[in-house]
Amino acid sequence: MATVVSAAAPQQEGEKRQDGEERTNDASRTLRAFRATPFTYATLIVVSAILSMPLVFVVSIALSSDQTVNTNTFTIFPTEFHWENFSRVFGTDLPMGRFLVNSLIISVGSVIGQMVSSGLVGYAFARLRAPGKNALFLVVIATMMIPTQITMIPQFILFKDLGWVNTYLPLIVPNFFSNAFNVFLVRQFVSRLPNQLDEAAMVDGLGFFGIYRRIMLPMLWPVLIAIGIFTLTYNWGDFMGPLIYLNDESKMPLALGVQYITTTGVPGQPPPWNLVMVGSILLTLPMIAVYYLGQRYLYEMDISGGSAGVK
């Protein structure tokens with residue numbers, strides 16, 4: 001009997017090695033099949049150039065002179081380079097510097113709320129055992145199908161009764177209750193992590209919150225940072241929310257400030273589109289920088305692998 005067992009073990013190890021080699025060969029064949037060619041790069045360059053045309057046009061208008069704005073003789077590619085427009089935008093009657101600070105306050109508060117709440121709720125749905133947990137999770141996912149316009153009026157009435165209108169609270173506090181999409185991302189990410197990590201931590205005496213803080217949270221940083229990028233992108237350029245809840249000009253974010261620049265022109269003349277485009281660039285550049293610095297976390301999150309099914 002001992003001879004049979006010892007002979008079977010090497011056979012199983014050989015089968016495992018053979019399976020691993022087959023997977024490696026399949027992966028290498030796939031990479032060779034999708035190897036980029038000069039035509040691939042040429043296509044990407046052409047498509048990128050087409051998609052970047054609106055941004056180039058925005059820069060061209062931002063660098064235009066007031067005379068070009070008044071005569072409406074814009075060009076797609078810049079022919080004028082009035083860099084002083086980037087300083088002039090802060091010299092208007094509007095507090096553009098304050099608008100930037102307001103946008104930063106709202107965006108950072110929303111990011112903190114989403115990262116904290118999404119991590120905890122997603123971990124709870126993935127690991128905690130409770131009756132009706134899966135049914136409740138389906139209800140949470142179903143809320144993604146509710147249009148925002150349907151809840152807009154009830155939310156305004158609620159925040160008005162709480163006395164939160166004309167404050168940052170309606171724009172920040174709801175983010176501390178997460179949303180269905182972010183909860184789904186975290187839950188699927190945690191579901192792919194081995195349960196043995198939780199079991200070993202429980203043996204050491206850690207509770208669920210201790211397991212989350214010491215074991216899960218360090219591994220959740222890619223998905224949490226990705227959620228932070230999504231939240232920052234949405235709230236930095238949000239126009240509808242501040243338009244509904246904020247009345248005081250000193251509390252308005254940059255997205256509203258850019259719209260108000262159109263009212264600072266001379267009556268009877270076109271709005272200062274060059275300054276408006278400068279404000280648009282100020283809205284765009286931070287998001288480009290954030291994505292550039294955080295794109296590796298988006299790849300590490302592996303969204304496609306995390307959506308392999310609802311367990």
Side-chain angles (χ1 to χ4, degrees), residues 54-55 58 62 89-90 92 94-118 121 143-160 162-185 224-264 271 275-295 297-298:
L55 182 59
V58 167
V89 73
F90 292 96
T92 61
L94 298 174
M96 295 300 295
R98 184 61 192 176
F99 291 159
L100 281 170
V101 173
N102 295 339
S103 294
L104 192 63
I105 293 173
I106 296 172
S107 300
V108 172
S110 301
V111 167
I112 294 174
Q114 285 290 343
M115 292 178 66
V116 172
S117 59
S118 299
V121 177
T143 60
M144 296 175 62
M145 297 184 291
I146 301 177
T148 306
Q149 292 79 3
I150 292 179
T151 60
M152 191 177 296
I153 294 177
Q155 281 184 347
F156 179 81
I157 295 174
L158 173 63
F159 293 139
K160 184 176 180 297
L162 292 174
W164 288 3
V165 175
N166 201 29
T167 68
Y168 297 138
L169 295 178
L171 305 174
I172 297 177
V173 172
N175 290 283
F176 282 85
F177 296 90
S178 188
N179 62 50
F181 179 72
N182 294 339
V183 170
F184 175 78
L185 289 181
L224 292 181
I225 292 178
I227 289 173
I229 293 174
F230 298 151
T231 306
L232 181 64
T233 303
Y234 175 79
N235 288 276
W236 181 263
D238 186 22
F239 181 84
M240 185 61 67
L243 181 65
I244 294 174
Y245 294 110
L246 298 179
N247 302 323
D248 192 351
E249 185 179 280
S250 62
K251 298 179 180 179
M252 292 180 179
L254 185 60
L256 280 180
V258 172
Q259 192 274 335
Y260 280 132
I261 295 178
T262 60
T263 64
T264 61
L275 301 184
V276 173
M277 292 302 108
V278 169
S280 300
I281 292 174
L282 294 178
L283 273 173
T284 305
L285 287 182
M287 295 301 96
I288 296 177
V290 167
Y291 178 79
Y292 178 77
L293 296 175
Q295 59 180 331
Y297 295 103
L298 297 177

Which residue pairs pass the side-chain hydrogen bond (donor to acceptor under 3.5 Å, both in side chains) test when at least one of the two sits in residues 246-259, sequence neighbours left out?
Asp248-Ser250
By side-chain contact (heavy atoms from CB on, under 4.5 Å), which residues pair with [X], not counting sequence neighbours?
| X | result |
| --- | --- |
| Val278 | Ala62, Asn85, Phe86, Val89 |
| Leu100 | Phe90, Trp236, Leu254 |
| Leu169 | Trp164, Thr167, Val173 |
| Ser118 | Gln114, Ser178, Asn182, Val186, Ile227 |

[X] side chain near [Y] side chain, heavy-atom distance below 4.5 Å:
| X | Y | result |
| --- | --- | --- |
| Thr262 | Val276 | yes |
| Val101 | Arg98 | yes |
| Leu171 | Pro242 | yes |
| Pro170 | Val165 | no |

Is the number of heavy atoms from other residues, nucleotides or ligands within 6.0 Å of [atom1] ([X]) greater than 12?
| X | atom1 | value |
| --- | --- | --- |
| Phe239 | CZ | yes |
| Met152 | CE | yes |
| Tyr168 | OH | yes |
| Ile153 | CD1 | no |

At their closest point, which heavy atom of Tyr260 faces which heavy atom of Met252, and how far apart are they?
CE1-SD, 3.1 Å
Scanning both residues in full, the closest heavy-atom pair of Phe176 with Ser117 reads O-CB, 3.2 Å
Checking side-chain contact (heavy atoms from CB on, under 4.5 Å) for the pair Met115/Thr231: CA distance, chi angles, key distance, verdict?
CA-CA 9 Å; Met115 292 178 66; Thr231 306; over 6 Å; no
Once you round to the nearest 0.5 Å, how far does [atom1] of [X] lie from [atom2] of [Y]?
| X | Y | atom1 | atom2 | result |
| --- | --- | --- | --- | --- |
| Leu285 | Leu55 | CG | CG | 8.0 Å |
| Ile112 | Ser107 | CD1 | OG | 11.0 Å |
| Leu256 | Asn102 | CG | CG | 10.0 Å |
| Met96 | Leu282 | CE | CG | 6.5 Å |
| Phe230 | Asn179 | CZ | CG | 11.0 Å |
| Ile225 | Leu293 | CD1 | CG | 11.0 Å |

For Ser110, check side-chain hydrogen bond (donor to acceptor under 3.5 Å, both in side chains) against everything at least two apart and list the hits.
Asn175, Asn235
